[in-house]
Every structure is written in C-alpha cells, then in structure tokens.
Amino acid sequence: MAHWLLKSEPFKYSWDQLVADGRTHWNGVRNHQAANNLKAMEVGDRCFFYHSNEGLEIVGIAEVVREYYPDPSDSSGRFGMIDVGPILPLLHPVSLKQIKADPTLAGMALVRQSRLSVSPVADEEWRRICELGGLSG
DNA sequence: GCCAACGTTGGC
DNA sequence: GCCAACGTTGGC
C-alpha cells in the first residue's frame, strides 16, 4: 500500500470539514505532477492531511475511497480527481517545523517541493510521522 | 507583506 | 524552441 500527503488550506477545506462530510472530491488539481500522483493512488491508500498557509501541520489520516476519474470542473478535460474519506486524526499534529528538524523527514517532498499539493510519502517517513503524531500504528 | 520556487503564456 | 514576463503557491 502506497502512502501520500494531501495539502489543503484549512480556510478553504479543513480536516474538520472532511470529518463532517464523511468523504469529498479531491478536485481542482491543475498541476501535472500532482495529477500524476493522484493517478497512481489506489483505493485503500492512506494519505496524510496537511494544513497549508494556516496551521502548517499534519492533522489527520485520510483514505482513498475512489480512484482517479475526470474532474468535471476542468473544462480542458486534462485533469482528474479522486475521492477521500477521513480515517482518524493525529493525537498530536506534526508541524512543518518538526518535520524540517527531523533527520528522517527533512527530505520529504513536502519540504523539497513546497508548492506540490499531492506528494508521495516513503514508508519510513510514514512510520516516523505516525510516531510523532502519537499513533502507535 | 515579501519573496522564492516554479509552472504557464506568448512573442520572437 | 527559447526565454522573458507573469501568475500562483506557500513559507516566513
């Protein structure tokens, strides 16, 4: 199972909103690299949910519930979207500051490519963030 | 509010 | 096909 990280500005769409909604369309991606990552996702893959701009921390774990399909909000027809649902919040949100300070995590795509909204997460990065987040696994 | 990174657009 | 201009993202 692959792991991913999804970024959202909390004032646009927050973790709490995802919990309230039960599931949502992850639409509006207009970057090919991010879209390629969406394409590679399979139902059941887990994703960290990161709050950008405000918060600057990973707050929860979401799950892919529908694989890549066309995004009707893209008139060009080039981009697609997935659906995700919430799994559980982190007991302790993991901040960007912590991530940058941790040797295991400092090389994450989140850090290296700050503008990429959908990025892969390596297994050891996943385990380390779960640990920092207070989840035993 | 500023600025770096970076993708896109458009003139040539 | 190159590259300057411009727009957007997102951390600080």
Side-chain angles (χ1 to χ4, degrees):
Chain A
M1 181 169 71
H3 295 111
W4 310 94
L5 183 142
L6 298 173
K7 269 190 211 182
S8 185
E9 300 176 41
F11 47 88
K12 287 186 182 164
Y13 195 86
S14 67
W15 168 258
D16 286 346
Q17 190 63 52
L18 179 61
V19 171
D21 290 347
R23 68 186 279 166
T24 195
H25 305 307
W26 207 261
N27 60 7
V29 169
R30 296 293 181 271
N31 170 288
H32 290 290
Q33 202 180 344
N36 283 337
N37 289 331
L38 290 181
K39 266 182 215 169
M41 290 183 182
E42 294 177 3
V43 171
D45 281 358
R46 301 279 165 111
C47 312
F48 286 130
F49 194 104
Y50 175 79
H51 280 165
S52 65
N53 275 309
E54 282 178 14
L56 305 187
E57 57 191 11
I58 294 170
V59 291
I61 295 175
E63 178 182 33
V64 178
V65 295
R66 183 173 172 185
E67 70 182 18
Y68 196 78
Y69 62 109
D71 179 351
S73 73
D74 173 31
S75 55
S76 77
R78 285 182 298 174
F79 293 98
M81 62 188 189
I82 59 160
D83 291 358
V84 294
I87 297 288
L88 81 172
L90 299 193
L91 292 178
H92 314 292
V94 177
S95 69
L96 182 63
K97 210 171 175 179
Q98 280 175 280
I99 290 168
K100 286 182 169 177
D102 191 298
T104 307
L105 304 177
M108 286 181 73
L110 173 70
V111 177
R112 294 199 325 275
Q113 287 176 265
S114 65
R115 293 184 49 196
L116 186 58
S117 62
V118 181
S119 58
V121 176
D123 289 347
E124 67 270 20
E125 293 166 349
W126 183 269
R127 284 194 298 269
R128 179 63 180 146
I129 290 169
C130 287
E131 193 182 346
L132 291 172
L135 305 178
S136 52

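On a predicted model such as this, the values are computed, not experimentally measured, just so you know. Naming: A, B, ... by sequence-line order, numbering from 1 per chain.
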Phosphate-side-chain proximity, A:Lys7 and C:dT8, N/O vs OP1/OP2 below 4.0 Å: no
Distance, rounded to the nearest Å, where A:Arg30 contributes CZ and B:dT9 contributes P: 13 Å
Separation of C:dT9 C1' from A:Phe11 CZ (nearest whole Å): 11 Å
Sugar-phosphate only, base, or nothing, as touched by A:Lys100 at under 4.0 Å among non-hydrogen atoms: sugar-phosphate
Separation of atom CD in A:Glu54 from atom P in C:dT9, rounded to whole Å: 15 Å
Side-chain N or O of A:Tyr50 closer than 4.0 Å to phosphate OP1/OP2 of C:dT9: no
Rounded interatomic separation in angstrom, taking NE2 from A:His51 and P from C:dT9: 17 Å
Whole-Å distance separating the NZ atom of A:Lys12 from the P atom of C:dT8: 11 Å
Nearest-angstrom distance from the residue atom CE of A:Met108 to C1' of C:dG11: 16 Å
Given C:dT8, C:dC12, B:dT8, the nucleotide with the shortest approach to the side chain of A:Arg115: C:dT8
Expected output: side-chain A:Lys7 to main-chain A:Ser114 donor-acceptor under 3.5 Å: yes
Residue A:Asn31, side-chain atoms from C-beta onward, closest of C:dG10, B:dG7, C:dG11: B:dG7
Nearest-Å distance for atom pair CZ/P, residues A:Arg112 and C:dG10: 16 Å
Pairwise side-chain contact, A:Asp83 with A:His25, heavy-atom cut-off 4.5 Å (strictly under): yes
d(CG, A:Leu110; P, C:dG10) in whole Å: 10 Å
Sugar-phosphate, base or nothing in reach of A:Glu9, heavy atoms under 4.0 Å: sugar-phosphate
A:His3 and A:Trp126 aromatic ring geometry - parallel, tilted or perpendicular at 30°/60° bounds: parallel
Flag side-chain contact, heavy atom, 4.5 Å: A:Tyr13 against A:Asp21: yes
Among C:dG10, B:dT8, C:dC12, the one nearest A:Asn53 by side-chain distance: C:dG10
Residue among A:Lys39, A:Arg78, A:Arg30 satisfying salt bridge (Lys or Arg N to Asp or Glu O under 4.0 Å) with A:Asp71: A:Arg30
